[in-house]
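Chain identifiers are assigned alphabetically (A, B, ...) following the order of the sequence lines, protein sequences preceding nucleic acid strands; residue numbering begins at 1 within each chain.
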Number of protein chains: 2
Amino acid sequence: MIPQTPIHQPPKVGDTATSAHDRVYRTLRTQIMHGEFRPGQSMTLRGIGKTFGVSMTPAREAVRRLVAEGGLSLSSSGRVATPELSSERIEELASLRALLEPELASRALPRAHLALIDRLQAINATIAECAAKHDDVGYIRTNLEFHRTLYLRAQAPAMLALTETVWLQLGPTMRALYARLNRTEVPHNHRLIVSALRAGDEPSLRLALRSDVTQGLRLLVV
Amino acid sequence: MIPQTPIHQPPKVGDTATSAHDRVYRTLRTQIMHGEFRPGQSMTLRGIGKTFGVSMTPAREAVRRLVAEGGLSLSSSGRVATPELSSERIEELASLRALLEPELASRALPRAHLALIDRLQAINATIAECAAKHDDVGYIRTNLEFHRTLYLRAQAPAMLALTETVWLQLGPTMRALYARLNRTEVPHNHRLIVSALRAGDEPSLRLALRSDVTQGLRLLVV
DNA sequence: TTCCTATTTTTGTGATCACATTAGCGCCAT
DNA sequence: ATGGCGCTAATGTGATCACAAAAATAGGAA
């Protein structure tokens, strides 16, 4: 009977255009993909909840989703951490990038108009800035933005989603890689990609993509 | 203060070697992938919970995971249903299969010993049985078993996982397809795959896979 | 009969709690 | 000093509840 506890909903004065778990999910996903976590970094549901000002429930759902996509891995006891990839796994994920991304680029090629190519060139300039400032996270973020901008033109959402899943899995490892090799300028292959787009040269485009995707990861497999 | 409600845990007399949400997840995933649901079929969290004898919480986590993999889609209001794919989406997923599966087969080829090939031939016999009995779900299940058995030899878990994600997305649609075209025997391409494996002929193997993967779906895109 | 509206029911979301398990850590004996 | 042991705190899991939004249903007016 007791008609108690009518209110335990927080004020929620702000707007939540989207649900809480989705906000947590998207933020964590971006952070992982951009390499803001080290490989093997562990986190707790209550900790995530406190960080985002929510209870365990949305934190749990966001984590489950990320685990399903391979962005987080969970131990036998349910503890969650950022994945530490074996050499074989890195090689395999690099192969997947080499398989998927040239295909996406090929599909984008006939739809790539001049404004897009100019935009890609501008992103390359930003990449150069990040490299000069040794901003690893910025470098990764802008580099992925370059690829995503191109692939969005492919009109292949499922293929792009799968590719982003691969990026997500590689996120923490990518950070460890770029911190090691200390780039100082925009990768040469990005220039080749832009050139091939301008020329409408599909074979060159595919080759440049494959090289760009493979080169960095190759250093990690030692 | 009231020290009430010390026990609301169900007897749990059975063994749960794994967690509840994982059991729900795996069962639903298999059902979706094998085409046991029609495209657009909706379900509720409470309904799923009642079906599996659990509360909403594990049902929600299982559903979230499946949504993340594309096996279920959720409407703007959070309602969950099996996805209804557009022609473009089906075509795209078929392209993904055509991209990934020949690669997996190529990687499996050097590792494919005789016992494996014999096993594939046995699975083909089972497929023929299902076709004769017009057992659509059995047909899909056995067909996927054929492919998975081959790909397991590729030693490429991430690539296989991505491929299974594609299968999952196609599950309900696949059912609708096979119910329509009423097969009566094992697909010819499966025989070609076995032959190419025996001969160690990689180009033929890739071609046979691409054909096998593409042929059925092509009919759906009308 | 048909269409619009109001009410009732259903459903997803997030918070909280009890419980089991595990990891972390100190403590004592050797 | 070190290694094993037990205890405490922390953590994941699942159930339950309150609430808001949406869907379904019923009822009345044209």
Side-chain angles (χ1 to χ4, degrees), chain A residues 1-28 40-68 71-83, chain B residues 1-28 40-68 71-83:
Chain A
M1 271 305 126
I2 320 156
Q4 84 289 34
T5 64
I7 289 173
H8 56 68
Q9 197 79 343
K12 193 184 261 190
V13 55
D15 57 331
T16 47
T18 180
S19 50
H21 80 261
D22 207 61
R23 183 167 48 89
V24 176
Y25 163 76
R26 255 200 291 268
T27 308
L28 281 179
Q41 189 161 337
S42 71
M43 42 190 77
T44 68
L45 296 184
R46 285 174 175 88
I48 294 170
K50 197 183 299 184
T51 301
F52 289 87
V54 298
S55 85
M56 295 175 57
T57 311
R60 229 186 328 173
E61 298 184 39
V63 163
R64 284 259 173 265
R65 209 166 149 188
L66 288 165
V67 168
L72 291 174
S73 65
L74 75 162
S75 76
S76 61
S77 68
R79 248 78 169 192
V80 67
T82 225
Chain B
M1 278 315 120
I2 321 155
Q4 83 291 30
T5 64
I7 288 173
H8 55 68
Q9 196 78 341
K12 192 182 262 190
V13 54
D15 58 330
T16 48
T18 180
S19 50
H21 80 262
D22 208 61
R23 183 167 49 89
V24 176
Y25 164 75
R26 253 200 292 270
T27 308
L28 280 179
Q41 187 160 339
S42 71
M43 42 189 77
T44 67
L45 296 184
R46 286 174 173 88
I48 294 171
K50 197 183 298 185
T51 301
F52 289 88
V54 298
S55 86
M56 294 174 57
T57 311
R60 233 195 315 182
E61 298 185 38
V63 164
R64 285 259 173 266
R65 209 166 149 189
L66 288 165
V67 168
L72 291 175
S73 66
L74 76 161
S75 76
S76 61
S77 68
R79 248 76 167 192
V80 66
T82 223

Side-chain polar contacts of residues 54-64 of chain B - donor-acceptor pairs under 3.5 angstrom, sequence neighbours left out - could you list them?
{"residue": "B/Ser55", "atom": "OG", "partner": "B/Thr57", "partner atom": "N", "Å": "3.2"}
{"residue": "B/Arg60", "atom": "NH1", "partner": "A/Glu61", "partner atom": "OE2", "Å": "3.1"}
{"residue": "B/Glu61", "atom": "OE1", "partner": "A/Arg64", "partner atom": "NE", "Å": "2.3"}
{"residue": "B/Glu61", "atom": "OE1", "partner": "A/Arg64", "partner atom": "NH2", "Å": "3.2"}
{"residue": "B/Glu61", "atom": "OE2", "partner": "A/Arg60", "partner atom": "NH1", "Å": "3.1"}
{"residue": "B/Arg64", "atom": "NE", "partner": "A/His21", "partner atom": "NE2", "Å": "3.4"}
{"residue": "B/Arg64", "atom": "NE", "partner": "A/Glu61", "partner atom": "OE1", "Å": "2.3"}
{"residue": "B/Arg64", "atom": "NH2", "partner": "A/His21", "partner atom": "NE2", "Å": "3.4"}
{"residue": "B/Arg64", "atom": "NH2", "partner": "A/Glu61", "partner atom": "OE1", "Å": "3.2"}

Is B/Met43 close to B/Val80 at the side-chain level, that is, under 4.5 Å between some pair of heavy atoms? yes

Within the structure, does a side-chain N or O atom of B/His21 lie under 4.0 Å from either OP1 or OP2 of D/dG14? yes

For B/Arg23 and D/dG14, what is the distance between atoms CZ and C1' respectively, to the nearest whole Å? 12 Å

To the nearest angstrom, the CD-C1' distance between B/Glu61 and D/dA15 comes to 12 Å

Distance check needed: D/dC17 P versus A/Met56 CE, whole Å only. 19 Å

Using OP1 and OP2 only, check whether a side-chain N or O of A/Thr57 sits under 4.0 Å from C/dG14. no

Ordered by number, residues from residues 41-51 of chain B within less than 4.0 Å of DNA chain C (heavy atoms) are B/Met43, B/Thr44, B/Leu45, B/Arg46

Any donor-acceptor pair under 3.5 Å between the side chain of B/Arg60 and the base of C/dG14? yes

Kindly give the heavy-atom pair with the smallest separation between B/Ala81 and B/Ser42, and that separation in Å. CB-CA, 3.7 Å

Should B/Ile48 and B/Thr44 count as side-chain neighbours, where that means a heavy-atom distance under 4.5 Å? no

Looking only at non-hydrogen atoms, find the nearest pair between A/Pro83 and A/Gly71 and report the distance. CD-O, 3.3 Å

I need the CG-P distance between B/Leu74 and D/dA22, as an integer number of Å. 14 Å

Between B/Leu72 and B/Arg65, is any pair of side-chain heavy atoms under 4.5 Å apart? no

Which value, rounded to the nearest 0.5 Å, describes the distance between A/Leu74 atom CG and A/Arg79 atom CZ? 11.0 Å

Per the under-4.0 Å heavy-atom filter, residues of residues 75-83 of chain B near DNA chain D come out as B/Ser77, B/Arg79

